[in-house]
Amino acid sequence: MTSQVSSPAEHADEDAAGETVVGGQRRSSGGAGADDSDAKGSKDNSGSANGNDGDSSSGTKEVRRLDRVIIRFAGDSGDGMQLTGDRFTSETASFGNDLSTLPNFPAEIRAPAGTLPGVSSFQLHFADHDILTPGDAPNVLVAMNPAALKANIGDVPRGGEIIVNTDEFAKRAMAKVGYETSPLEDGSLDAYNVHPVPLTTLTVEALKVFGLSRKEAERSKNMFALGLLSWMYHRPTEGTETFLRSKFAKKPEIAEANVAAFRAGWNFGETTEDFAVSYEVAPATQAFPTGTYRNISGNLALSYGLIAASQQADLPLYLGSYPITPASDILHELSKHKNFGVRTFQAEDEIAGIGAALGAAFGGSLAVTTTSGPGVALKSETIGLAVSLELPLLIVDIQRGGPSTGLPTKTEQADLLQAMYGRNGEAPVPIVAPKTPADCFDAALEAARIALTYRTPVFLLSDGYLANGSEPWRIPDLDELPDLRVRFATGPNHTTEDGTDVFWPYKRDPHTLARPWAVPGTPGLEHRIGGIEKQDGTGNISYDPANHDFMVRIRQSKVDGVDVPDLDVDDPDGARTLVLGWGSTYGPITAAVRRLRGAGLPIAQAHLRHLNPFPGNLGDVLERYQKVVVPEMNLGQLAGLIRARYLVDAHSYNQVNGMPFKAEQLAAALKEAIND
């Protein structure tokens, strides 16, 4: 789904938009956006209707204009919450809002129905201005059963909207999650605006004409909920109806039943007295540069980035991979693009996956292997082999909670030291980390540039939060993409003392220290490969201590010499405190920084894309500040590297609970650091 935007890029300020009443309906008073943590865009903090400012006697429902909304859909993993959230997100993207999403689902394929471990949720933050995170707390919670309510009620602020499927609140279902009495009747939800809706009953009633069994009809209750929320927030509907008919094209009666449930939900919102107000969130016309946009997830953006890199390098793309959460979607996506010369190989295990990829690199392909932390451990010896062979190879690590199997569907940033040092011997590897879902596209191009230019494996460290989250992405023009074309070796490159022209596979480019890339089968360029140390220049097997010392140092020098841009610092007020981040912490950190600056507190911000080597000016940047704070979703891995490399007393702020930072949480911690 794409949309056209023709407006200059502007960052919204941190004050909430006000509201005015025009002709019985609320309209924006022209304020900019709220900051990126708590909802401030409505008369009451929740974005809900506490009272009717319209003319109730007219029969026309009131419409309120908000600057942003955070919605969370929650239910059993079989209730279709991810599909519901995806569809609402797609329509929101086509409408032109800025958005950010946070899918959250259980690791079990099918956890026991109605239990807390089986709750699946999807949170969407959309706005009429530039936003950075999925939001700290939902203004609207759609709870499909008691487990969904109990698992998520703690995140809903007082006054928030809660839409509850009352059909599921039977005694047995409530007892399963520890409710002794019904929360819908015992007063425990009095602080919220609760909308009890018999979603299952209404869906079954709406689908009677289709002759479906009750069980089949009940499966469409998520579409009823989607229709209701689409009415509440004036979302487009055509795209969802087209999607449903396409998804169920082989079962047209099921397709039409889902469309009917979707329309019934819309009509219910329009006719019921329980929903007296609907809301409008205008397109984010000031948030984006001019261009064509689409909603994109991190894994999809990364896949497109890899394809773009192969096209710009004029090389076939080869993926050798073994399925693992949360990286498998890259394998799934790339397998669809054979028309771009992409070849995907689903191996029998992680070791075979990277072995095949390294073989493809030797054969002249842009080679990639995708995995998560446990897979990186299995691939470590072959990564070391790639370091020794000095071949371009992209190792894409979509980080998740660890150690071992850990938390497969949760996020973490705890593989940095593994990427930096997790191999035997001295085996340096450049490391690149994207900062947002859309930035995964550019990070993939950058990782490919380094790998191809310097003939080295490169780590690309994404994580589950970026992989599954989504945001608008401006589709770049072709002339904006870098030229990544390489020159293969075609003939001899060295003359011996006796005047013979020969090919030396380890004769280096004086600027990059990269060795030549010789495609197998090229006449006269035969050379050895394998894991035993090579002699400099000739590539022959060598056990000479002096040669080994030289080769270790030259490989390190090559990585140290990778050309990376200087670190940009955002410091408009001459602050004394710098917050330094990397990877997916960018959104929460930036939202927290906006908050603090809005409150008059000076703070500087910098974010690292290149983690090995560090930008050349990083040491000078760190020396300019009295205090450096490093928020990470680990126990302080980057902070430890910074302390060791630059002898700076970097202060860690850490969490490893499987979830991204909240902006409010970071703002409080950074405020304390500023005032300390």
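All residue numbers in this chain count up from 1 along the given sequence.
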Exercise. Do L302 and L466 pass the side-chain contact (heavy atoms from CB on, under 4.5 Å) test, and can you show the C-alpha distance, the side-chain angles, and the key distance before you say yes or no?
Worked result: CA-CA 10 Å; L302 202 154; L466 296 182; over 6 Å; no
Exercise. Is a side-chain N or O of Q399 found less than 3.5 angstrom from the main chain of D463, in a donor-acceptor match?
Worked result: no
Exercise. More than 12 heavy atoms of other residues, nucleotides or ligands under 6.0 Å from OH of Y322: is that the case?
Worked result: no
Problem set entry | Side chain R508, main chain L513, donor-acceptor under 3.5 Å | yes
For this session: Work out which heavy atom in N547 is nearest to a heavy atom in D536; give both atom names and the distance.
Result: OD1-N, 3.0 Å
For this session: May I ask you to decide if the ring planes of F288 and Y293 are parallel, tilted or perpendicular, using 30° and 60° as cut-offs?
Result: tilted
Problem set entry | Sidechain-backbone polar pair: S372 side chain, I398 backbone, donor-acceptor under 3.5 Å | yes
For this session: Answer whether the closest heavy-atom distance between the side chains of V342 and L306 falls below 4.5 Å.
Result: no
Seminar exercise, completed: CG of L578 to CG of D571, rounded to nearest 0.5 Å, is 8.0 Å
Exercise. How are the rings of W504 and H494 set relative to one another: parallel (under 30°), tilted (30 to 60°) or perpendicular (over 60°)?
Worked result: parallel
For this session: Using modelled atom types only, decide if a donor and an acceptor are shared between the side chain of E632 and the backbone of Q413 within a distance under 3.5 Å.
Result: no
Exercise. Will you find, in the side chains of K379 and T369, an N or O donor that is under 3.5 Å from an N or O acceptor?
Worked result: yes
Problem set entry | Reported CG-to-NE2 distance for the pair L670 and H651, which is rounded to 0.5 angstrom | 12.0 Å
Exercise. By side chain to side chain contact (heavy atoms under 4.5 Å, CB included), which residues pair with N657, not counting sequence neighbours?
Worked result: Q655, M659
For this session: Give a yes or no answer on whether the side chain of D98 reaches the backbone of I131 with a donor-acceptor pair at less than 3.5 Å.
Result: yes
For this session: Might you confirm whether atom CD of E381 has over 12 heavy atoms from other residues, nucleotides or ligands at distances under 6.0 Å?
Result: no
For this session: Please determine if K435 and E471 form a salt bridge, counting it only when a charged side-chain N lies under 4.0 Å from a carboxylate O.
Result: no
Problem set entry | Candidate pair I554 and Y506, rule side-chain contact (heavy atoms from CB on, under 4.5 Å), full reasoning | CA-CA 11 Å; I554 202 73; Y506 281 83; over 6 Å; no
For this session: Please check if any side-chain donor atom of S100 sits under 3.5 Å from a side-chain acceptor atom of T133, or the reverse.
Result: no
Problem set entry | Closest non-hydrogen atom pair, P472 against A438 | O-CB, 4.0 Å
For this session: Would you please name every residue forming a salt bridge (Lys or Arg N to Asp or Glu O under 4.0 Å) with E480, sequence neighbours left out?
Result: R474
For this session: Would you confirm whether T409, through its side chain, and F105, through its main-chain N or O, come within 3.5 Å as a donor-acceptor pair?
Result: yes
Problem set entry | Separation between CD1 of I307 and NE2 of H337, rounded to the nearest 0.5 Å | 4.0 Å
Exercise. Which value, rounded to the nearest 0.5 Å, describes the distance between L641 atom CG and W582 atom CH2?
Worked result: 9.5 Å
Seminar exercise, completed: Separation between CD1 (I330) and OG1 (T344), nearest 0.5 Å, reads 12.5 Å
For this session: Please report the closest heavy-atom contact between L132 and Y586, naming both atoms and the distance.
Result: CD2-CE2, 4.1 Å
Problem set entry | Charged N-O contact under 4.0 Å between D509 and R455 | no
For this session: Examine distances only and state if a side-chain atom of R528 and a backbone atom of N540 form a donor-acceptor pair shorter than 3.5 Å.
Result: no
For this session: Assess whether atom CZ of R624 is packed by more than 12 heavy atoms of other residues, nucleotides or ligands within 6.0 Å.
Result: yes
For this session: Report yes if the side chains of E333 and N299 come closer than 4.5 Å at any heavy-atom pair, otherwise no.
Result: no
Exercise. Sub-3.5 Å donor-acceptor pair from the side chain of Q637 to the main-chain atoms of L417, do we have one?
Worked result: yes
Seminar exercise, completed: Minimal heavy-atom distance between T370 and S321, with the atoms involved, is OG1-OG, 2.8 Å
Problem set entry | Greater than 12 external heavy atoms within 6.0 Å of D568's CG | no
For this session: Please check if the side chain of S310 supplies one atom and the backbone of L317 the other of a donor-acceptor pair under 3.5 Å.
Result: no
Exercise. Is there a donor-acceptor contact under 3.5 Å linking the side chains of D544 and S542?
Worked result: no
Exercise. Can D130 and R594 be counted as an ion pair, charged N to O under 4.0 angstrom?
Worked result: yes
Seminar exercise, completed: Here the salt bridge (Lys or Arg N to Asp or Glu O under 4.0 Å) pairs for residues 415-428, sequence neighbours left out, are none
Exercise. Checking R400 side chain against T405 main chain: does a donor-acceptor pair fall under 3.5 Å?
Worked result: yes
For this session: Grab the two heavy atoms, one from T512 and one from K558, that are nearest each other, plus how far apart they are.
Result: O-CG, 3.4 Å
Exercise. Once the angle between the rings of F614 and Y646 is folded into 0 to 90°, is it parallel (under 30°), tilted (30 to 60°) or perpendicular (over 60°)?
Worked result: tilted
For this session: Indicate the atoms forming the closest heavy-atom contact of S297 with A467, along with that distance.
Result: CB-O, 3.7 Å
For this session: Supply the atom-to-atom distance T522 OG1 to H527 NE2, rounded to the nearest 0.5 angstrom.
Result: 9.5 Å
For this session: Using a cut-off of 6.0 Å, state whether more than 12 heavy atoms not belonging to D477 lie near its atom CG.
Result: yes
For this session: Please check if atom CZ in F488 has more than 12 non-hydrogen atoms from other residues, nucleotides or ligands closer than 6.0 Å.
Result: yes
